[in-house]
Amino acid sequence: MEGRSGLGVKGVAEGDGRGARGTVEARASEAPPAAPRREPEGVHTLEEAAAIAREAEAGVVQELTINLGPQHPSTHGVLRVIARLDGETVLGVQPDIGYLHRNWEKIVEGWMYPQIIPFADRNDYISSIFNEWLVCRAVEEGLGIELTERAEVLRTIFAELNRLISHAFWFGTYAMDIGAFTPFLYALRDREWAYDLFEKATGARQLYSYFRIGGLRNDVPDGWLRELADYLDYFEREAYPEYIRLLYTNEIFIARSEGVGVIPKEVALHFGATGPMLRASGVPYDVRRAEPYGAYPRCEFEIPVGERGDNLDRATVRVKEMRESVRIIRQCLSMLPEGEVLAPKTPRVLKVPEGDLYVRVESPRGELGLWLVSTGGLGPYRMKWRAPSFVNLQLLDYMCRGEKVADLIAGLGTIDIILGEVDR
Amino acid sequence: MDEERKPEDERGERAAPGGATRAGTGRPERRPIPRVAPAQPAGPPKLTPREEEMLRRIQAALPYVERDTRVLRGLGLLVPAERVHEALATLKSLPGVLCDHLSCVSGVDWQDAIEVAYHLFRTDDPEVRIVVKARLPYTGDEMPEVASVVDLWEAANWHEREIYDLLGVRFLGHPDLRRILLPESYQGGFPLRKSFVDRRPKRQRVVRAR
């Protein structure tokens, strides 16, 4: 019976020690004779069951360990969470990561810097512009390459557009995590136009390889900027109010998010949280402000900050950041100068001088850092990728203790992890 | 960029006008690609006045701290391996420095020693950018040891596990030092060490950096 329920294949016999996947016979008559039925382990006698019931009534914790994932859709990829439960209450969780590990830090050690850019894209595949920006910035800072103004502003536009759709995607998946399906469809619908815009400029919808060391691969096509302005108008007039209406007038959304998964300010700093996770706890820390790069020093924007650090605050911070992204892109569009997009003095052979360099950009998930150790060669001697989701995921245990199992899923949703980046 | 757009024979990479050929191949000699020297500053990178002041303060409190001139941006500090915990605890509480954000812990293998680096920032003062480094000498397959800083910053927990997993450094006092990215049963050594041998089937190699 167990074999059949596991695979849904008729005639699978057990008892040869190879488990249900070992052999699949086409006909039941071909199967070896089934092993005699064993008494299943872990079933209690009536006396034991009565004792357990008495203990439960007396308030004794009945600890149960369950596995969430790695193939469960609510884990946003291949993440396994080992949860210790008492009934519906979470006693503690232990994320088990590494299912997507490919050790790309080692792989790129022998590569030349321009070769690294497309591979870096694969880390955070929802917002890959930030990965390539980070690699380009590290090499540019090491070599002292000055970008043209048009390249800086265009890079900022692309990054903010990517942040916009990354947050929109997060909004859809979080809504799905707490039981609402429709917002997911709306979020994907609005992301589609932005992907078309990316495709027109870069040739790819998700993994762009568009930034080059010293600027951009090509200028945007004719009419692209006008279409971008149309998209921003659409987003601000139709999509954004719809998101607000869908969520913030929804009683279930508020009830499921408010006061759940609270992270105080000190704890967030202690755990090294960054991005919306940290800002929702009330620390106005943003790499775009702390270490301005691109066109951000010339843009006016707010850094949304939460108060309590619960799921609702994290959602609000992200939703507000969408609006700030629109604002930044509008300012960039008005200041965009004419000119080249690739710095004319970019050397043809890129050798970062000996030394090491820690560069950061603000990705939608937090502080994306790169520690580049160079020995003066054509490629890095060592490259450490500081992935924001990797660090933020450590907080899952803290957030979920004492909450219900369903809030564990919601908490995982508000951390906004990308497993490609967590496992690297 | 004009050089890029010239026709091929003018670039000199093919068909050199002298007709010189590479020995034995019969193909025209290839002129070396012009190498542009990077804008490398002479001497160690300069510190800002604020960083110099911080360095003075730190050295007054911790006399064994030296400046690391390999660090191209921010303030680099070198501490002896057995003083790492003390140095980081001091940087967390020293007035005028007060780092509150441990951004990253990482390590690099220099063949004779593993260097661990701690990247520290301060959330309300962007000028505080400190890198603390310690060299842990080792030979062969042994695992060097250093004190864990998880009690100062929980953020170091997974970073230290990752270094333990991939570089083979034992962090003393770590609450839960287990493999994190590789499977528990992995026997192939430490992938981020330079002595690591990739046992997968070989594919065509890309140009290796020197």
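The chains referred to below are lettered A, B, ... by the order of the sequence lines, with proteins before strands, and numbering in each begins at 1.
- Closest non-hydrogen pair, Arg382(A) versus Ser106(B), comes out as NH2-CB, 4.4 Å.
- Residue Glu105(A) touches chain B through both its backbone and its side chain, counting heavy-atom pairs closer than 4.5 Å.
- Pro118(A) is linked by a side-chain contact (heavy atoms from CB on, under 4.5 Å) to Arg122(A), Ser209(A), counting only residues two or more places apart in sequence or in another chain.
- Heavy atoms closer than 4.5 Å to chain A are found in the side chain of Leu166(B), but not in its backbone.
- Interface residue Arg424(A): only side-chain heavy atoms are found under 4.5 Å from chain B.
- Aromatic rings from Trp153(B) and His270(A) are positioned such that their centres are separated by 6.0 Å or more.
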>> Please evaluate residues Asp356(A) and Leu72(B) with respect to the criterion side chain to side chain contact (heavy atoms under 4.5 Å, CB included), reporting the C-alpha separation (whole Å), side-chain torsions for both, the decisive distance (0.1 Å), and the verdict.
In response: CA-CA 6 Å; Asp356(A) 58 54; Leu72(B) 298 178; over 6 Å; no
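- Atom CD of Glu52(B) is surrounded by more than 12 heavy atoms from other residues, nucleotides or ligands within 6.0 Å.
- Atoms NZ and CG, from Lys106(A) and Asp109(B) in turn, are 8.0 Å apart once rounded to the nearest 0.5 Å.
- The most heavy-atom pairs under 4.5 Å with chain B, out of Leu100(A), Val287(A), Leu393(A), come from Leu393(A).
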> What's the verdict on salt bridge (charged side-chain N to carboxylate O under 4.0 Å, His left out) for Glu291(A) and Arg73(B), showing C-alpha distance, side-chain angles and the deciding distance?
Replying inline: CA-CA 12 Å; Glu291(A) 250 178 70; Arg73(B) 253 180 36 165; 2.9 Å; yes
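- Each of Gly107(B), Gly74(B), Gly76(B) has some count of heavy-atom pairs under 4.5 Å with chain A, and the biggest count is that of Gly107(B).
- For Arg178(B), the part sitting under 4.5 Å from any heavy atom of chain A is the side chain, from C-beta outward, and nothing else.
- Comparing Leu357(A), Leu395(A), Val359(A) by heavy-atom pairs within less than 4.5 Å of chain B, the highest count is held by Leu357(A).
- The aromatic rings of His119(B) and Trp371(A) stand perpendicular to each other, their planes meeting at an angle above 60°, with 30° marking the opposite boundary.
- Counting non-hydrogen atoms of neighbouring residues, nucleotides and ligands closer than 6.0 angstrom, the CG atom of Asp141(B) reaches no more than 12 such neighbours.
- For chain B, the nearby part of Gln94(A) is the side chain; its heavy atoms alone come within less than 4.5 Å.
- Here the CZ atom belonging to Phe121(B) is positioned 3.5 Å from the CZ atom belonging to Arg360(A), to the nearest 0.5 angstrom.
- Note: Ile97(A) CD1 to Ile180(B) CD1 = 4.0 Å, rounded to the nearest 0.5 Å.
- Here the straight-line distance linking atom CG of Leu269(A) with atom CZ of Arg122(B) works out to 12.0 Å at 0.5 Å rounding.
- Two residues are said to be in side-chain contact when any heavy atoms from C-beta on lie closer than 4.5 Å; Leu192(B) and Asn103(A) meet this criterion.
- Smallest separation of non-hydrogen atoms from Ala290(A) and Pro126(B): O-CB, 3.0 Å.
- Rounding to the nearest 0.5 Å gives a distance of 12.5 Å between CG of Asp286(A) and OG1 of Thr123(B).
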> When you look at Tyr381(A) and Lys194(B), which way does the side chain to side chain contact (heavy atoms under 4.5 Å, CB included) test go after all the steps?
Replying inline: CA-CA 10 Å; Tyr381(A) 183 77; Lys194(B) 298 289 169 183; 3.4 Å; yes
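- Chain B forms the most heavy-atom pairs under 4.5 Å with one residue out of Gly369(A), Pro95(A), Pro284(A), and that residue is Pro95(A).
- Within residues 127-138 of chain B, the residues having any heavy atom less than 4.5 Å from a heavy atom of chain A are, in residue-number order, Arg129(B), Lys133(B).
- Using a 4.5 Å heavy-atom cutoff, the side chains of Phe390(A) and His159(B) are in contact.
- Residue Lys265(A) qualifies as open at atom NZ: its count of foreign heavy atoms under 6.0 Å is 12 or below.
- Arg386(A) contributes a side-chain N or O that, together with a main-chain N or O of Ser103(B), makes up a donor-acceptor pair within less than 3.5 Å.
- The main-chain N or O of Val108(B) is never found under 3.5 Å from a side-chain atom of Lys384(A) such that the two would form a donor-acceptor pair.
- With contacts defined as side-chain heavy-atom distances shorter than 4.5 Å, the pair Trp110(B)/Thr375(A) qualifies.
- Within a 6.0 Å radius of CD in Gln59(B), other residues, nucleotides and ligands contribute more than 12 heavy atoms.
- The CG atom of Asp397(A) sits 10.0 Å away from the CG atom of Asn157(B) when rounded to the nearest 0.5 Å.
- Chosen from Tyr285(A), Tyr99(A), Tyr358(A), the residue pairing most often with chain B at heavy-atom distances under 4.5 Å is Tyr358(A).
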> Which is it for His101(B) and Thr274(A) under the side chain to side chain contact (heavy atoms under 4.5 Å, CB included) test, yes or no, and what are the steps along the way?
Replying inline: CA-CA 9 Å; His101(B) 176 41; Thr274(A) 44; 3.6 Å; yes
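- The two residues Val422(A) and Leu181(B) come nearest to each other via the heavy atoms O-CD2, 4.2 Å.
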